[in-house]
Amino acid sequence: MSQGLVQERVTTALLGALNDAREKGQLKTAAWPALSLDAPKRPEWGDLASTVAMSLASSEHKAPHDIAKIIVENLSQREQLFDRVEIVRPGFLNLTVKPALWQEVLREIESQGVRYGRTAIGTGQRVLIEYVSANPTGPLHVGHGRGAAVGQAVVRLLDAVGYDAVGEYYVNDAGRQMKLLGASVYARYQELSGRTVEFPEDGYHGSYITTVAQQLKEELDRVASELTPVELETRCRALAYERLLGLIRDDLQSFGIEIQSWFSEASLLETKAVERALDELKTRDLLFQEDGAWWFRASLYGDEKDRVVKKQDGEYTYLASDIAYHYDKLGRGYDLLIDVFGADHHGYIPRMQAVMQAYGHPKDRLQVVLVQLVKLLRDGVEVKMSKRTGEFITMREVIDEVGADAAKFYFLMRDSRTHLEFDLELAKQRSADNPVYYVQYAHARICSLWRVASARGIARPSAAGTDLTVLTDSDELGLIKKLSSYPELIQSSALAFEPHRVTYYLQQLAALLHTFYNKHRILPPATDQEPEESISAEGLTPERTAARLVLMGAVQQVLRNGLDVLAISAPEHM
RNA sequence: GCGCCCGUAGCUCAGUCGGAUAGAGCAUCAGCCUUCUAAGCUGAGGGUCGCUGGUUCGAUUCCAGCCGGGCGCACCA
C-alpha cells in the first residue's frame, strides 16, 4: 500500500510498535490487520487516527484501550514523529504529527513534480480497457460521452499506479447493424434521387442518415449505372461506415479522448479468428449443437443459461465475435481486461465472465465498469431524447455548448453506476456554482500569484531552499494534510476504477485553497501602498511569504496532476 | 417471476474492506471587493442515512426479509 509520506512513516512506526510488543510477549496476534490511518473528523482528534487497537481486541482477548496503551508504550520514535499521542474512549489512537513532518510533504511534492501521486503497485501488469465501442452507425450521444470520459480516466488512473494500461475501441463493423446501416442509407439515397422506396424495418431513422446519403450522392450517382442495387447498397454501407467512423474519431478527438487502439470486429471474421475461438471451446467440450444451432455452455460457469453462438441460418451471433474478441485479448497477454459497459448491458457480464473461465482463466480477469445513463437538463428541465426516432442530443452538441473540460468534469463527478444529472446551463456557467471552474480557478489563481510575484521582483522559492517551519497555521497544515493524502486517493480510485473520487478530491482541495487565499495574504502588498491592517497584519515576513509560495506551488502541482489524470486542462489564466 | 444496480438534508450527490457528535455543493437567509483574479470567501437553518429484524463492544456501512425506482432476462447488438 503506498501512501503519503507522513502516513507511511506513521504506519511504519505503528507496525514497529506492534512487532516490538509481540517480541516482548505483550501481544500475540500472528498477522496484523491492515493499518488504515484516517484523517479524523474533528480537529481535536488529531491529524491521523488508527483503529488498530479495536480491531485487535478479539484476537488478543484484551480490552482495546489496553492494546492501545501497549502500542503507545512501544512507539520508539514517539518524540520525533508526534506532538501528541492520545488514546480515546473505546480504543482510538489519535495522533498529532509534528509540523516538521508535514512540511516535508512540500519538499516531496516539489521533487516529484508531475510524478507526485504516481505509484508502482501495478508495475509489470498489463491491462486493456475497452471503452466507447459505439456502433459506427451514427454519431456519439451523451451516454457515449460519459463512457468515454470514464474509460479514459480509468486508463490514466491505472497508468498512474504503474500498470501498462491501454485503451481500446472495439468497432462493430460487421453483422446486422452494418447491413441495416447500408440499407438505410441506400433507401435515403433512392429518395433523394426521386424514387419512393420502403424504408427498411429496424433501419436507422436519424436525420444524419439522410445527411450522409446527401454527402454520398454524387459519388453514388457516378457508379449507379454500373452496379446492381445489391452492389450499390453494399457500397452505401462501406461509404457510410467510413464516414460515420470518421465522425466518431473526430468527435472523440474534440472531446480530448485518445484511443490507443482500434479493433475491428470484421477482422475477426476475415482472419477466421471467430472459428478458431469457437474451435477452442469445442475442444474443451464447451460447445454443443441443438435445434440446428451451436450453443456455448455458459451455464456451466454461473450464467443463467447456455447461449447461442451460431444460429440455425449459419450466421454467427454477436456473442460469437465477442467471444473471439475476448479470446484475442487474452491471447495478447493482458493480465487484466476491463470492459466499460452501458448499465443496460449488465446482464452481459456473467456471460463474458463465463468466457474467461471457459478459456481457463479466473472470471475476475475480466472486470466490468458500468456507466449509467445521463439525464440532460436545461435550467432544471429534462431534455427529452428519443431513441426510436433517432433524434437525440449528440456528444458533439454537448461539447460544443459547454466545452470539453466542463463536459468531462461533469461526467466524472458521480459514481459511474448512478444516473447522472447534467444541466447544460449550469455546466457552462462561469461561476462558483460550477465545480469545473471552481477547481480550474484555484489553479489559475496560483498561476496569477507567480505573475504578480515576478512583477514585484519576488523570485519563486524552492522547497529545498526555504525554511518551511513557519508553516504552522492550521490552514497551512490543513492544506498540506490534504496534499499528503493525494497518493492514497489516486491508488484507491485506480484500484476501484472510480475516477469520481478524484473529481471530489479536487473540489475539496480547491475549496481549501480558496479559503486560504481569501484569509491569508501570501505576497506583501505593493510597496507604494500603506501597510494593511486586516488580513495582511499577521506578521507577513519574507520568510513567511517564501514558505507560503512553496505551499502554493505544491497545491498547484497537485491540482494539475489530478486534473491531468482526468484529462482536464489546468488553465493559467481565466 | 428471476437477476443486477440504486434509495443519505428541499434538490443533486460524497462517504460504507464496521468505528467517535453523518459531509459537500445547490437552493434559502445574513454578511464580505480602495488588497495576490469576487469565476472567490464567512456565517445560519436544514437528517428516523427507504423500512424491519439479525451479527457486533459498535451498523448509514455486513447479512436476511420487505418497500420504492431503474435496468436486464433473444438463434438483437
Side-chain angles (χ1 to χ4, degrees), chain A residues 33-34 36 38 40-42 45 49 51 54-55 57-58 63-64 88-92 94 135 137 172 175-177 180 202 265 290-295 304-305 307-319 321-322 342-350 370 372-373 377 380 413-415 417-423 426 429-438 440-442 444-453 455-456 458 500-501 503-505 507-508 510-511 513-526 529-530 532 534-536 545 548-549 552 573-574:
Chain A
S36 65
D38 309 316
K41 281 175 262 188
R42 306 172 72 82
W45 293 337
T51 56
M54 288 181 283
S55 33
S58 62
V88 182
R89 270 183 280 179
F92 289 100
N94 290 345
N135 290 342
T137 55
N172 297 120
R176 200 176 113 87
Q177 304 299 323
L180 282 172
D202 300 330
E265 179 188 2
E290 197 178 289
D291 302 333
W294 283 93
W295 301 68
E304 291 174 1
K305 49 184 87 167
R307 308 288 176 179
V308 171
V309 291
K310 196 173 187 179
K311 297 186 265 182
Q312 274 181 340
D313 63 10
E315 296 260 321
Y316 290 119
T317 60
Y318 175 83
L319 177 63
S321 332
D322 225 6
D344 55 341
H345 284 61
H346 68 258
Y348 208 67
I349 300 172
L370 289 179
Q372 256 300 358
L373 296 174
L377 306 174
M413 254 195 323
R414 310 296 184 209
D415 186 328
R417 279 162 293 204
T418 66
H419 287 272
L420 174 73
E421 290 209 354
F422 187 142
D423 195 311
L426 183 58
Q429 231 176 72
R430 311 172 118 228
S431 75
D433 299 354
N434 189 341
V436 193
Y437 291 109
Y438 186 80
Q440 289 185 321
Y441 181 46
R445 257 186 159 171
I446 297 171
C447 292
S448 160
L449 220 43
W450 305 131
R451 291 190 292 268
V452 175
R456 294 189 189 167
I458 297 170
H500 73 276
R501 299 190 197 187
T503 321
Y504 199 73
Y505 172 91
Q507 290 180 82
Q508 292 177 323
L513 184 276
H514 288 309
T515 298
F516 184 85
Y517 186 93
N518 214 261
K519 194 164 159 190
H520 303 282
R521 201 154 175 101
I522 296 153
L523 296 171
Q529 283 175 8
E530 289 296 309
E532 294 291 332
S534 55
I535 47 172
S536 55
T545 288
R548 284 184 175 170
L549 284 174
M552 291 299 109
H573 302 267
M574 285 179 76

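In what follows, chains carry the letters A, B, and so on, assigned in the order in which the sequence lines appear, proteins first and then strands, with residues in each chain numbered from 1.
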TODO: Confirm from the modelled atom types if H345(A) and G72(B) form a donor-acceptor pair under 3.5 Å, side chain to base only.
DONE: no
Open item on the list: Taking the P atom in each of C51(B) and U8(B), what is the distance between them to the nearest angstrom?
Closed with: 10 Å
Open item on the list: Below the 4.0 Å mark, does C13(B) have OP1 or OP2 next to a side-chain nitrogen or oxygen of H419(A)?
Closed with: no
Task: Between A20(B) and C11(B) - P atom distance, rounded Å - done: 25 Å
Task: Nucleotide U37(B), atom C1' - distance to NE2 of H514(A) in whole Å - done: 10 Å
Task: Contact under 4.0 Å: S55(A) side-chain N or O vs G58(B) OP1/OP2 - done: no
Task: Among U37(B), U12(B), A77(B), the one nearest R414(A) by side-chain distance - done: U12(B)
Task: Separation of atom OH in Y437(A) from atom P in U37(B), rounded to whole Å - done: 20 Å
TODO: For N135(A), answer base if it contacts any base atom (sugar-phosphate contacts may also be present), sugar-phosphate if it contacts only those atoms, and nothing otherwise; contact means non-hydrogen atoms under 4.0 Å.
DONE: sugar-phosphate
Open item on the list: When both hydrogen-bonding distances must be under 3.5 Å and the geometry is Watson-Crick or G-U wobble, what is C73(B) paired with, if anything?
Closed with: G1(B)
Task: Rounded P spacing from U52(B) to A74(B) in Å - done: 37 Å
Task: Among C75(B), U12(B), C36(B), the nucleotide that comes nearest once only the side chain of R521(A) is considered - done: C36(B)
- [ ] Could you say whether V88(A) or A57(A) is positioned toward the 5' end of RNA chain B, judged by the nucleotide with the nearest heavy atom to each?
- [x] V88(A)
Open item on the list: Given C71(B), C36(B), A77(B), identify the nucleotide with an atom nearest to the side chain of I522(A).
Closed with: C36(B)
Task: Glycosidic class, syn or anti, of C33(B) using a 90° window around 0 - done: syn
TODO: Looking only at side-chain atoms of R445(A), point me to the closest of A24(B), A38(B), C73(B).
DONE: A38(B)
Task: Identified pairing partner of G7(B), criterion: Watson-Crick or G-U wobble below 3.5 Å - done: C67(B)
- [ ] Let me know the distance between CG of N434(A) and P of C26(B), rounded to the nearest Å.
- [x] 11 Å
- [ ] Can you check whether any acceptor in the base of C5(B) is under 3.5 Å from a donor in the side chain of H346(A), or vice versa?
- [x] no
Open item on the list: From C-beta outward on Y441(A), which listed nucleotide comes closest to its side chain: A39(B), A14(B), A20(B)?
Closed with: A39(B)
Task: Whole-Å gap separating P (C75(B)) and CH2 (W295(A)) - done: 5 Å
- [ ] Would you tell me whether Q177(A) and T137(A) have side-chain atoms, one donor and one acceptor, within less than 3.5 Å of each other?
- [x] no
- [ ] Show the numbers, then the answer: is there a side-chain contact (heavy atoms from CB on, under 4.5 Å) between I446(A) and Y517(A)?
- [x] CA-CA 9 Å; I446(A) 297 171; Y517(A) 186 93; over 6 Å; no
Open item on the list: Please tell me if Y504(A) has a side-chain N or O lying less than 4.0 Å from either OP1 or OP2 of A24(B).
Closed with: no
Task: Close side-chain approach of R176(A) and D202(A), heavy atoms under 4.5 Å - done: yes
Open item on the list: Of the options C75(B), C36(B), A20(B), whose atoms approach the side-chain atoms of V452(A) most closely?
Closed with: C36(B)
Open item on the list: Taking only the P atom of each, what is the distance from G45(B) to G53(B) in whole angstrom?
Closed with: 32 Å
Task: Any donor-acceptor N/O pair, R548(A) side chain to R521(A) backbone, under 3.5 Å - done: yes
Task: Identified pairing partner of A39(B), criterion: Watson-Crick or G-U wobble below 3.5 Å - done: none
- [ ] In whole angstrom, give me the gap between the P atoms of U12(B) and C2(B).
- [x] 30 Å
Open item on the list: Within the 3.5 Å criterion, strictly below it, is a donor on R445(A) or Y441(A) matched to an acceptor on the partner's side chain?
Closed with: yes
Open item on the list: Expressed as a whole number of angstroms, how long is the span from D344(A):CG to C5(B):C1'?
Closed with: 12 Å
Open item on the list: In whole Å, I'd like the distance from the CG atom of D38(A) to the C1' atom of G18(B).
Closed with: 12 Å
Task: Any T515(A) side-chain N or O less than 4.0 Å from OP1/OP2 of U42(B) - done: yes
Open item on the list: Which is more 5' along RNA chain B, the nucleotide nearest A293(A) or the one nearest L420(A)? Just name the residue.
Closed with: L420(A)
TODO: For R42(A), report the nucleic acid contact type (base, sugar-phosphate, nothing); a contact means any heavy atom under 4.0 Å.
DONE: base
TODO: Write down the distance between CD (Q177(A)) and C1' (A74(B)), rounded to a whole number of angstrom.
DONE: 14 Å
TODO: For C17(B) versus G7(B), give the span between their P atoms, rounded off to a whole number of Å.
DONE: 15 Å
Task: Closest listed nucleotide, where the reference is the side chain of Y348(A) and the choices are U12(B), A77(B), C36(B) - done: A77(B)
Task: N/O donor-acceptor pair under 3.5 Å between R456(A) side chain and P524(A) backbone - done: yes
Open item on the list: Applying side-chain contact (heavy atoms from CB on, under 4.5 Å) to Q372(A) and T418(A), what does each step give before you reach the verdict?
Closed with: CA-CA 6 Å; Q372(A) 256 300 358; T418(A) 66; 5.7 Å; no
Open item on the list: Taking the minimum atom-to-atom distance to the side chain of L523(A), which one of A14(B), C36(B), A20(B) wins?
Closed with: C36(B)
TODO: Answer with base, sugar-phosphate or nothing: what part of the nucleic acid does W45(A) contact at a heavy-atom distance below 4.0 Å?
DONE: base
TODO: With the side chain of M54(A) defined as its heavy atoms from C-beta on, choose the nearest nucleotide among U12(B), G19(B), A20(B).
DONE: G19(B)
Task: For A44(B), the Watson-Crick or wobble counterpart (both distances under 3.5 Å) - done: U28(B)
Open item on the list: Please confirm whether the shortest side-chain N or O distance from Y438(A) to OP1 or OP2 of C41(B) is below 4.0 Å.
Closed with: yes
Open item on the list: Quiz question: going by heavy-atom distance under 3.5 Å, is there a donor-acceptor pair between the base of A38(B) and the side chain of N518(A)?
Closed with: no
Open item on the list: Partner lookup for U60(B), please. Criteria are Watson-Crick or G-U wobble with both distances under 3.5 angstrom; report none if nothing qualifies.
Closed with: none
TODO: Take the protein atom NZ of K41(A) and the nucleotide atom C1' of U16(B), then report the distance between them rounded to whole Å.
DONE: 11 Å
Open item on the list: Roughly how many Å apart are U55(B) and C71(B), using the C1' atom of each and rounding to a whole number?
Closed with: 32 Å
Open item on the list: The side chain of P90(A) is closest to which nucleotide in this list: C36(B), G19(B), A14(B)?
Closed with: G19(B)
Open item on the list: What's the gap between C73(B) and U56(B) when it is taken at their C1' atoms, as a whole Å value?
Closed with: 38 Å
Open item on the list: Is it the case that the side chain of T515(A) and the backbone of A511(A) share a donor-acceptor pair, with hydrogens and angles ignored and the cut-off at 3.5 Å?
Closed with: yes
Open item on the list: Run W295(A) and V309(A) through side-chain contact (heavy atoms from CB on, under 4.5 Å) and show every step you take.
Closed with: CA-CA 6 Å; W295(A) 301 68; V309(A) 291; over 6 Å; no
